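Okay, so here's the structure we're looking at.
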Amino acid sequence: MRILVDENIPAALEAFSQFGEVQRVPGRQLGEPQWREVLASADAIMVRSVTRVNRELLQGTNIRYVGSATIGADHLDTTFLEQQGIAWSTAPGCNADSVGDFVLSAMAVCGDILERLLAGGRLGVIGHGNVGQRLTTRMQRLGISCLAYDPLIAQQGILTSLDSVLQSDMLCLHAPLTRSGNYPTFHLLSFEQLCRLPEGAVLLSAGRGEVVSTEVLLALAEKRPDITQVLDVWEPEPAIPLALLEKVFLATPHIAGYSSDGKLNGTRQIAQWLALQLNQSFSAATVDAVLPPADEITLVSEAPSQLIREAILAIYDVREDDARLRQALSNLKDDAERGRAFDVLRKTYPLRRELGSSSLSLRSEQADLASLLNALQGRGEK
Ligand SMILES: NC(=O)C1=CN([C@@H]2O[C@H](COP(=O)(O)OP(=O)(O)OC[C@H]3O[C@@H](n4cnc5c(N)ncnc54)[C@H](O)[C@@H]3O)[C@@H](O)[C@H]2O)C=CC1
Ligand SMILES: O=C(O)C(=O)[C@H](O)COP(=O)(O)O
């Protein structure tokens, strides 16, 4: 069996050579003519979000299995795949906690939003799937009040209307990109809706860029400069709009889900899925061995908000990703060059362990701080 694997999928050889011959391929370029022959010789293809898997890509090939080491599925034409009897899978939830860490890190550096939330402010989430739910569970355990909008889930608990969620001090977008059905998310939020955010709110977008148009975000920056914008996803990618980059407080190259743990979860999940399809066994041990041990860190803060800030920034400081993106794109006026620079940052992304798998300890064993740390790391009582 011949398996093509995107070069940004870690531990590809360890995972997929258990099933056959593996060839690494550049996901963004796979639709180009020079890859036709390679595609024609393949039985399976393991992609990430940058490869559009549709009729154009697969025609004339014998590919029977399509795995995507991502949560999102908007790059897969699943209707076409199912019509053709091609088995497919994504990796649900694989990097959901990584996105949660991204949100926490942004919370730690966007002015006093962390203190505002801890003092009775509200976190709002649009899209309450794996990312949204794990995030609100962690935040509620920190004592932060949360509301979520997700029209595809029965309204109970913290689920509410879109209008109510728009009253949040920090609004996080974690909806998938959909263009059909009763609740499509393409350009879901209008300028008028976002203008309802409270004074000094934070708007964070880490689902898909197309959920809010660039035009709306630019108009919002103009009309409501008090709103802090944090963008990990863009419309379009990879040649992101410079005019918007200049307006946002934190700008990152679609890496919210790029923890090493999250990426390896993705590899493991699609390898396990392929094994099931082929009726073979799969050993995850070789994949797990790729991850180096987390650093051991002792935290010294004694106040809750300081401890939260210290813990997350010791593990992941989103400002470093923001600085790398601005530096890489500075002076690049050409779209193609900007797109390449964006992709290089993603391809060369540094090792980043998740808060939940990090080895954090407290200098003083105060019970309230210990339970706060457990909550931050998503450990202990739910
Ligand atoms: N920035 C990044 O690096 C990453 C981005 N993502 C994106 O985040 C999205 C969400 O991830 P998960 O929560 O794990 O996916 P999920 O599939 O577990 O949950 C998505 C949720 O969004 C809800 N939803 C659908 N249409 C909606 C609408 N119109 N309004 C509000 N909610 C709606 C669904 O009902 C579902 O509960 C992914 O589809 C992906 O596009 C995921 C991982 C990393
Ligand atoms: O999992 C998802 O969905 C994501 O958005 C990915 O983390 C994005 O990474 P790439 O697939 O574009 O490398």
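Please read these numbers as outputs of a predicted model, since none were measured by experiment. Order of appearance sets the numbers: ligands from 1, and atoms from 1 within every ligand.
At least one cation-pi condition fails for Arg55 and Phe80: the charged atom is not both under 6.0 angstrom from the six-membered ring centre and inside a 45 degree cone around its axis.
Salt-bridge formation is detected for the pair Arg324/Asp321: a Lys NZ or Arg NE/NH1/NH2 atom is positioned less than 4.0 Å from an Asp or Glu carboxylate oxygen. For Arg340 and Asp343, the salt-bridge test fails: no basic side-chain N is under 4.0 Å from an acidic carboxylate O. A salt bridge is absent between Arg353 and Asp295: the closest approach of a Lys/Arg side-chain nitrogen to an acidic carboxylate oxygen does not fall below 4.0 angstrom.
The N/O atoms of Leu152, backbone and side chain alike, include none that comes under 3.5 Å of an N/O atom in ligand 1. For ligand 1, one of its N or O atoms has an N or O atom of Asp232 under 3.5 Å away. Residue contacts with ligand 1: Tyr183 is placed with a nitrogen or oxygen under 3.5 Å of a nitrogen or oxygen of the ligand (distance criterion only). Not a single N or O atom of Ile71, backbone or side chain, sits closer than 3.5 Å to an N or O atom of ligand 1.
Transitive grouping of hydrophobic side chains (ILVMFWY, heavy atoms separated by less than 4.5 Å) keeps Val103 and Tyr149 in distinct clusters.
When non-hydrogen atoms are compared, ligand 1 lies under 4.0 Å from the side chain of Val99 (C-beta onward) but not from its backbone. Contact annotation: for Leu177 versus ligand 1, there are no heavy atoms closer than 4.0 Å. Looking at Gln133 against ligand 1, nothing comes within 4.0 Å, counting heavy atoms. For Thr178, no heavy-atom contact with ligand 1 is shorter than 4.0 Å. At a heavy-atom cutoff of 4.0 Å, ligand 1 is contacted by no atom of Phe102, backbone or side chain.
Protein heavy atom in closest approach to atom 4 (C) of ligand 1: Ala206 O, 3.7 Å. The single protein non-hydrogen atom nearest to atom 23 (C) of ligand 1 is Asp150 OD2, 3.1 Å, given as residue, atom name and distance. Here the heavy atom of the protein found nearest to atom 19 (O) of ligand 1 is Gly129 CA, 3.1 Å. In this structure, the protein non-hydrogen atom closest to atom 9 (C) of ligand 1 is His174 O, 3.8 Å. Scanning all protein heavy atoms for the shortest distance to atom 28 (C) of ligand 1 gives Thr185 CG2, 3.6 Å. The protein heavy atom nearest to atom 43 (C) of ligand 1 is Asn95 OD1, 2.8 Å.
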With the criterion set at N/O pairs under 3.5 Å, what does the list of contacts between the protein and ligand 2 look like, atom names and distances included?
| unit_1 | atom_1 | unit_2 | atom_2 | d |
| --- | --- | --- | --- | --- |
| ligand 2 | 1 (O) | Ile71 | N | 2.7 |
| ligand 2 | 1 (O) | Asn95 | ND2 | 3.0 |
| ligand 2 | 3 (O) | Ile71 | N | 3.3 |
| ligand 2 | 3 (O) | Gly72 | N | 2.7 |
| ligand 2 | 3 (O) | Arg208 | NH2 | 2.9 |
| ligand 2 | 5 (O) | Arg208 | NH1 | 2.8 |
| ligand 2 | 5 (O) | Arg208 | NH2 | 3.3 |
| ligand 2 | 5 (O) | His254 | NE2 | 2.7 |
| ligand 2 | 7 (O) | Asn95 | ND2 | 3.3 |
| ligand 2 | 9 (O) | Arg48 | NH2 | 3.4 |
| ligand 2 | 9 (O) | Arg346 | NH2 | 3.2 |
| ligand 2 | 11 (O) | Arg48 | NE | 3.2 |
| ligand 2 | 11 (O) | Ser49 | N | 2.8 |
| ligand 2 | 11 (O) | Ser49 | OG | 3.3 |
| ligand 2 | 12 (O) | Ser49 | OG | 2.5 |
| ligand 2 | 12 (O) | Arg346 | NH1 | 3.0 |
| ligand 2 | 12 (O) | Arg346 | NH2 | 2.9 |
| ligand 2 | 13 (O) | Arg48 | NE | 2.6 |
| ligand 2 | 13 (O) | Arg48 | NH2 | 3.4 |
| ligand 2 | 13 (O) | Tyr258 | OH | 2.4 |

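At a distance under 4.0 Å, no protein heavy atom can be found next to atom 17 (O) of ligand 1.
Side-chain contact annotation: Tyr183 with Asp150, donor-acceptor N/O pair under 3.5 Å absent.
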